[in-house]
Amino acid sequence: MPSPQDSPVPYVPPADVAEARRVQEELRSRVDLVGPGPAAPATVAGLDVAYGQDGDLLAAAVTVLDAATLDVVDEAVCVGRPAFPYVPGLFAFREMPALLAALDRLTTRPELLVCDGHGLAHPRRFGLACHLGLVTGLPTIGVGKTPLVGTWTGPGPG
DNA sequence: GCGACAG
DNA sequence: ATCTTGTCGC
C-alpha cells in the first residue's frame with residue numbers, strides 16, 4: 001500500500017519558474033487527501049520564516065510542542081538565503097530549503113506540522129504545506145493569512 | 001490588455 | 001516578508 005512514508009519525495013530545487021510549475025503539477029497527485037493522520041498527535045511543530053531588512057537573508061524556525069501540555073520539547077533554527085524569487089504560487093521553493101534544514105536539526109520527529117502559507121488552497125492545489133508534507137512524510141496543515149486564490153462567503157447566521 | 005497575486 | 005502614519009470600520 002503506497003503511503004508518503006514508504007516513498008519519501010526528495011526536494012528538488014527548480015532552475016526556473018517553468019520547472020517549478022512542472023514540479024508542482026507532477027507532485028500534486030501524490031498528496032494523501034484521505035489518510036486519517038495521527039488521531040492524537042503527541043507532538044506538533046510550528047514553522048515560520050523571518051527575513052532580513054534587504055530580504056536577502058532569512059531565518060527558518062521550528063518549534064515542537066508536546067500536544068498535551070504545550071511544553072516546548074524541541075526547537076531548531078536555520079539561517080540562509082531565499083532559494084527562489086517570490087512568485088505567487090511558487091512560494092514553497094523560496095522557503096522550503098531553509099525549513100527542511102531546520103527540521104533536520106531537530107532531535108525529535110514531530111507528528112504534525114503547521115506552517116505558513118497555503119496547502120490545497122493553491123492555483124495548482126499544491127502549496128507549501130502540501131510540498132512540505134510530501135517531502136517530510138508528515139501530515140501538514142498550511143495556514144495562510146491572506147487568500148491566494150478563490151472566493152468565499154462567510155458562514156450564514158445561525 | 002489590465003489587474004491580482006501565500007510569504 | 002519588511003518598512004511605516006494615519007485612517008476606516010466594527
Euclidean distance, atom [atom1] of residue [X] to atom [atom2] of [N] [Å, nearest integer]:
X: Phe91(A); N: dC5(B); atom1: CZ; atom2: P; result: 16 Å
X: His122(A); N: dG7(B); atom1: NE2; atom2: P; result: 13 Å
X: Leu90(A); N: dA1(C); atom1: CG; atom2: C1'; result: 16 Å
X: Asp48(A); N: dA6(B); atom1: CG; atom2: C1'; result: 12 Å
X: Asp56(A); N: dG7(B); atom1: CG; atom2: C1'; result: 16 Å
X: Met96(A); N: dA1(C); atom1: CE; atom2: P; result: 19 Å
X: Leu148(A); N: dA4(B); atom1: CG; atom2: C1'; result: 10 Å
X: Arg81(A); N: dG7(B); atom1: CZ; atom2: P; result: 23 Å

### Task
Considering just the side-chain nitrogens and oxygens of Tyr51(A), establish if one lies under 4.0 Å of OP1 or OP2 belonging to dG7(B).
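Answer no for this pair, as no side-chain N or O of Tyr51(A) is under 4.0 Å from OP1 or OP2.
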Using a 4.0 Å heavy-atom cut-off across all strands, classify [X] as base, sugar-phosphate, or nothing.
X: Leu99(A); result: nothing
X: Leu128(A); result: base
X: Pro147(A); result: sugar-phosphate
X: Gly55(A); result: nothing
X: Gly142(A); result: nothing

Backbone of [Y] reached by a side-chain donor or acceptor of [X] within 3.5 Å:
X: Arg105(A); Y: Val77(A); result: yes
X: Asp74(A); Y: Thr108(A); result: yes
X: His131(A); Y: Phe126(A); result: no
X: Thr140(A); Y: Leu132(A); result: no

### Query
Thr146(A) has a side chain; which of dT2(C), dC5(B), dG7(B) sits nearest to it?
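So the side chain of Thr146(A) is nearest to dG7(B).
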### Task
Select one nucleotide: of dA6(B), dA1(C), dG7(B), the one nearest the side-chain heavy atoms of Arg94(A).
dG7(B)
### Query
How far apart are the closest heavy atoms of Arg30(A) and Leu134(A), and which atoms are they?
O-CD2, 3.2 Å
### Task
Just say parallel, tilted or perpendicular for the rings of Tyr11(A) and Phe93(A), cut-offs at 30° and 60°.
tilted
### Message
Quiz question: by atom type and distance under 3.5 Å, do the side chains of Glu95(A) and Tyr86(A) form a donor-acceptor pair?
### Response
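Judged by distance alone, the side chains do not pair up.
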### Query
How does DNA chain B look in dot-bracket notation if pairs are Watson-Crick or G-U with both distances under 3.5 Å, crossing ones as [ ], other-strand ones as |?
.......
